[in-house]
Participant: 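Quick one: the structure is below, and I'll ask about it shortly.
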Amino acid sequence: MIASFARRAAAPLAAVLLFAGSAIASPAFAAEAGPLDGPGTAWLLTATALVLFMTLPGLALFYAGLVRARNALSVLMHCVLIAALASVLWLAAGYSLAFTDGGDVQAVIGGLGRAFLAGVTAETLRDGLPEAVFFMFQLTFAVITPALIVGAYPERVKFSAVVWFSGLWLFLVYVPICHWIWGNGWLAQQGVIDFAGGLVVHVTAGMAAVIAALMVGKRRDFPHEPMLPHSPGMTATGAGMLWVGWYGFNAGSALAANGSAGMAMIATHMSAAGGALTWMAIEWLRHGRPSLVGIVTGLIAGLATITPAAGVAGPAGGLLAGICGSLICFSITTLMKQRLRLDDSLDVFAVHGIGGALGIVLVAVIGQPGLGGTGFGAGVSAAAQLGSQLLGLGATAAWAGLMSWIILAGLKATLGLRVSQEQEFEGLDITVHGERAYDLR
């Protein structure tokens, strides 16, 4: 059995090593000279805790409440697993490949000079902040992004597939795109604005989700039988944690304790509020009653939409982003479920992927000073910024979609992606993990 598993694992592992080896040369880094930004450091430490809180327990509870009771524990397990796995991989090489100078290949990937945080001490600074704190802040983004994809394939995916997909995806999708935009790679050089992860987090996860939904396949009774959330209260609890944690996500991305962080927080809050009220209104008008799951889905749509624009939008722009995000994400959710019948079970693509993509485009609208925004680079018009945003969106969606398909196709041919019909019928909690979220006897 061990030999068989080793043979199956050899190909994915070789892919990771080849990818990392392509950027093994990296210039040495010296401690930055200059004063420590004490207030900024304190805020970034706080923001780091808030963003990790988004995944555990926020996202875990949000997702677990949306599935059926016999699969709730498996969703929690997926989120905990990814938090631990992504953390170790980020330390080993992910951070270095994303945020260091890659020399001749800097446009596409960094180097390994910071692998296992080599050369980083308590005194090492990066832009006035301890690099150790910056590392941890960015780690929390690397944790939540693959965790978002969990919502695409619950109730039928193999646990081994989740392990391998999440690890490979982190290196082959998240890390390079993070470098392209936040590591001064080629999209950064093209002027793309993605303040806190519309592309790096939401579009990458959304594209992976739609590919995963196609590759793993529908749940056994979808769409013929209703698959109602077993605990809307648990989902709302998780959504509340996500709302609070998103302050760290967006305002923390200012990397300073200043007015820019404060304005990003206001824009974030207004977008969440606008998204929640808009989704509630649509349900109320269409179905005659507003739902708790609906209103919290709307607030998440608003949060995803403002994420890339939080650093350039004003309060009114944030509210507009939330309203637009909720309207469009609601429409795409309906299209995916009722027309296309694609079982992206917890609407990762429709809410995160579409919301993030819309936010990227809206940067060129709500970032304009006339709408309360900060404007763009010197001499950059809204039309030129829109061109950069569309370039970034197209490149990110294409790379994330292609690489997600390659990873899943490889795993499908080796490990397999789906549990047996018997396991799916009984539920993953007891058949895969030998535990139950609840005593169902």
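In what follows, residues are counted from 1 in the order of the sequence shown. Just so we're clear, the structure is a prediction, and the values are computed from it rather than from any experiment.
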Participant: Do F134 and F99 have their ring centres less than 6.0 Å from each other?
Facilitator: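 Centroid separation for F134 and F99: below 6.0 Å.
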
Participant: Under a 4.0 Å N-O cut-off, is there an ion pair linking R114 with E131?
Facilitator: yes

Participant: Which value, rounded to the nearest 0.5 Å, describes the distance between T124 atom OG1 and L129 atom CG?
Facilitator: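 That separation rounds to 12.5 Å.
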
Participant: Give the ring-plane orientation class for F141 versus W182, where under 30° counts as parallel, over 60° as perpendicular and anything between as tilted.
Facilitator: perpendicular

Participant: Between T100 and G110, is there a donor-acceptor pair closer than 3.5 Å when you use the side chain of the first and the backbone of the second?
Facilitator: no

Participant: I need the minimum non-hydrogen distance between V293 and P229, along with the two atoms involved.
Facilitator: CG2-CG, 4.2 Å

Participant: Identify the heavy atoms of A213 and D343 that sit nearest to each other, and give their distance.
Facilitator: CB-O, 3.7 Å

Participant: Taking side chain as C-beta onward, heavy atoms only, is I332 less than 4.5 Å from M336?
Facilitator: yes

Participant: May I ask you to decide if the ring planes of F159 and H78 are parallel, tilted or perpendicular, using 30° and 60° as cut-offs?
Facilitator: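 Parallel.
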
Participant: Centres of the F137 and W43 rings: under 6.0 Å?
Facilitator: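 For F137 and W43, the ring centres are not under 6.0 Å apart.
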
Participant: Taking the ring centre of each residue, are H269 and W246 less than 6.0 Å apart?
Facilitator: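 H269 vs W246: aromatic centres not under 6.0 Å.
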
Participant: Going by salt bridge (Lys or Arg N to Asp or Glu O under 4.0 Å), name the pairs with one or both residues in residues 230-256, residues two or more places apart or in two chains.
Facilitator: none

Participant: Between V157 and A161, what is the shortest heavy-atom contact and its length?
Facilitator: CG2-CB, 4.3 Å

Participant: Taking the side chain from S326 and the backbone from G275, do they hold a donor-acceptor pair closer than 3.5 Å?
Facilitator: yes

Participant: A quick test of your reading: do over 12 heavy atoms of other residues, nucleotides or ligands sit less than 6.0 Å from CE of M263?
Facilitator: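 Incorrect, the count does not exceed 12.
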
Participant: Given side chain to side chain contact (heavy atoms under 4.5 Å, CB included), test W399 with I177 step by step and report yes or no.
Facilitator: CA-CA 8 Å; W399 181 264; I177 292 175; 3.8 Å; yes

Participant: What side-chain donor-acceptor pairs closer than 3.5 Å can you find for residues 404-411, not counting sequence neighbours?
Facilitator:
residue, atom, partner, partner atom, Å
S404, OG, W169, NE1, 3.0
S404, OG, A400, O, 2.6

Participant: Mind listing the closest non-hydrogen atom pair of L61 and G238 along with its distance?
Facilitator: CB-CA, 4.0 Å

Participant: As an exercise, state the distance from CD1 of I181 to CH2 of W186, rounded to the nearest 0.5 Å.
Facilitator: 9.0 Å

Participant: Salt bridge or not between R68 and E155? Use side-chain N to carboxylate O under 4.0 Å.
Facilitator: yes

Participant: Tell me if a side-chain donor or acceptor on N258 pairs with a main-chain N or O of A261 at a distance below 3.5 Å.
Facilitator: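 Yes, the answer is positive, given that a donor and an acceptor are paired below the 3.5 Å cut-off.
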
Participant: Would a distance-only check, ignoring hydrogens and angles, find a side-chain to backbone donor-acceptor pair under 3.5 Å from Q389 to I193?
Facilitator: yes

Participant: So, the side chain of D347 versus the backbone of V351: is there a donor-acceptor pair under 3.5 Å, distance only?
Facilitator: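 Checking the backbone N and O of V351 against the side chain of D347, no donor-acceptor pair under 3.5 Å is found.
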
Participant: So, S96 side chain and A92 main chain: donor-acceptor pair closer than 3.5 Å or not?
Facilitator: no

Participant: Nearest heavy-atom pair of R70 and D429: which atoms, and what distance?
Facilitator: O-CG, 2.9 Å

